[in-house]
Engineer: 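Structure provided below as structure tokens; questions to follow.
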Number of protein chains: 2
Amino acid sequence: MTDLSIGDLSRRVAVKVPTIRYYEQIGLLHAPPRTEGRQRRYGPDDVSRLSFIRHARDLGFDVEAIRELLSLSTQPDESCHPADQIVLRHLESVERRIAQLTLLRSELRHMLEECRHGPMRECRIIQVLADHDQCRHEHGKVS
Amino acid sequence: MTDLSIGDLSRRVAVKVPTIRYYEQIGLLHAPPRTEGRQRRYGPDDVSRLSFIRHARDLGFDVEAIRELLSLSTQPDESCHPADQIVLRHLESVERRIAQLTLLRSELRHMLEECRHGPMRECRIIQVLADHDQCRHEHGKVS
DNA sequence: TCTTGAACCTCTAGTCGCTAGAGATTGTAG
DNA sequence: CTACAATCTCTAGCGACTAGAGGTTCAAGA
């Protein structure tokens, strides 16, 4: 009744089956007990833990951060400052990313505005790429 | 005089040496002539082509898009509409990304505001992760 | 001309967070 | 009991590089 197959867990938490196995492999999820035929069977704690992981992934935390958050969450008497710090660090990286992308967006919009829709040889888009000095400003790597 | 080693090219265009070799391997750059000792020697056209690639990468275009842009740029009499479309497509994906990240940022800010900086057991950060229904709204994958 | 050592060469593997597929086994409904 | 869906393990692939091993070549100074 309480025991779920990996497919049940997958549907309940909306995490794909191979992803669940992957999380086990990298140690985010504990290896669950198995049936006689070596199939995984999960209990309620696994559902909670996987939900936690999924929500954290949705919020863009990387696996290392999630590992720390999970481990912190098992120490209810400690200060939550370290968890705070992890979130703050992530927020800052999101903000940096937004700043980069905003710059990028304005560059791309500018390129499109400049485009006269004529033949390629007059195309500002190609020109800007070929000769970057035409460009208004520098920006960091986007990656 | 006009022939550059891979290191010279690297410094001139600010693209790392292994990256240049990688671009050759995936067919973004032509395989250049070699010295007797099998070292690569580049000419001015290679400098231009690699600059083009670098600028496009800085603008966040992926290799496939760059491949198309490079090939379009060699057809000066054709309409620049296809190039236009590539830029537009990219702009739209940047805009989607910004929208996602902006949502994310507000979630993370909210989490930090809610945090009372007490013990972990009262930490809203951990609670929100463990029980996502506390969360104000859904958002797409960030990846 | 010789020597040194920086720069070059190829090849493989690792990054991150999965995803896809092959080929074999197991669980379960009818 | 029989299908067949679901599960299993294992390996490889994605994108755009990056790192490192182990070997070779180039060019400047003595």
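If you're wondering where the values come from, they're calculated on a predicted model, not measured in any experiment. Note on naming: letters A, B, ... go to the chains in the order of the sequence lines (proteins, then strands), and numbering restarts at 1 for each one.
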Engineer: Would you indicate what Arg11(B) reaches in the nucleic acid, counting non-hydrogen atoms under 4.0 angstrom: base, sugar-phosphate, or nothing?
Structural biologist: nothing

Engineer: Would you call Arg12(B)-Asp8(B) a salt bridge at under 4.0 Å N-O?
Structural biologist: no

Engineer: Mind checking whether His55(B) and Val128(A) have side chains closer than 4.5 Å, heavy atoms only?
Structural biologist: no

Engineer: Of all of residues 35-53 of chain B, which get a heavy atom below 4.0 angstrom from DNA chain C, listed by number?
Structural biologist: Arg38(B), Gln39(B), Arg40(B)

Engineer: Is the shortest side-chain N to carboxylate O distance from Asp45(A) to Arg49(A) below 4.0 Å?
Structural biologist: no

Engineer: Is the closest basic N to carboxylate O distance between Arg109(B) and Glu95(A) below 4.0 Å?
Structural biologist: yes

Engineer: Would you jot down, in residue-number order, the residues of residues 18-27 of chain B having a non-hydrogen atom under 4.0 Å from DNA chain D?
Structural biologist: Thr19(B), Tyr22(B), Tyr23(B)

Engineer: Salt-bridged, Glu64(A) to Arg67(A), with N to O below 4.0 Å?
Structural biologist: yes

Engineer: How sharply is the helix from dT1(C)-dA30(D) to dG30(C)-dC1(D) bent, taking the axes over five pairs at either end and rounding to 10 degrees?
Structural biologist: 10°

Engineer: Exactly one of Ile86(A), Ile53(A), Leu59(A) should register a side-chain contact (heavy atoms from CB on, under 4.5 Å) with Ile66(A). Which one does?
Structural biologist: Ile53(A)

Engineer: Would you call Glu113(A)-Arg124(A) a salt bridge at under 4.0 Å N-O?
Structural biologist: no

Engineer: Should Leu112(A) and Leu91(B) count as side-chain neighbours, where that means a heavy-atom distance under 4.5 Å?
Structural biologist: yes

Engineer: In the structure I gave you, are the side-chain heavy atoms of Tyr23(A) and Val15(A) within less than 4.5 Å of one another anywhere?
Structural biologist: yes

Engineer: Check Arg21(B) against Arg40(B) and note the closest heavy-atom contact, atom names and distance.
Structural biologist: CD-NH1, 3.5 Å

Engineer: To the nearest angstrom, how far is Ile66(B) atom CD1 from dA16(D) atom P?
Structural biologist: 8 Å

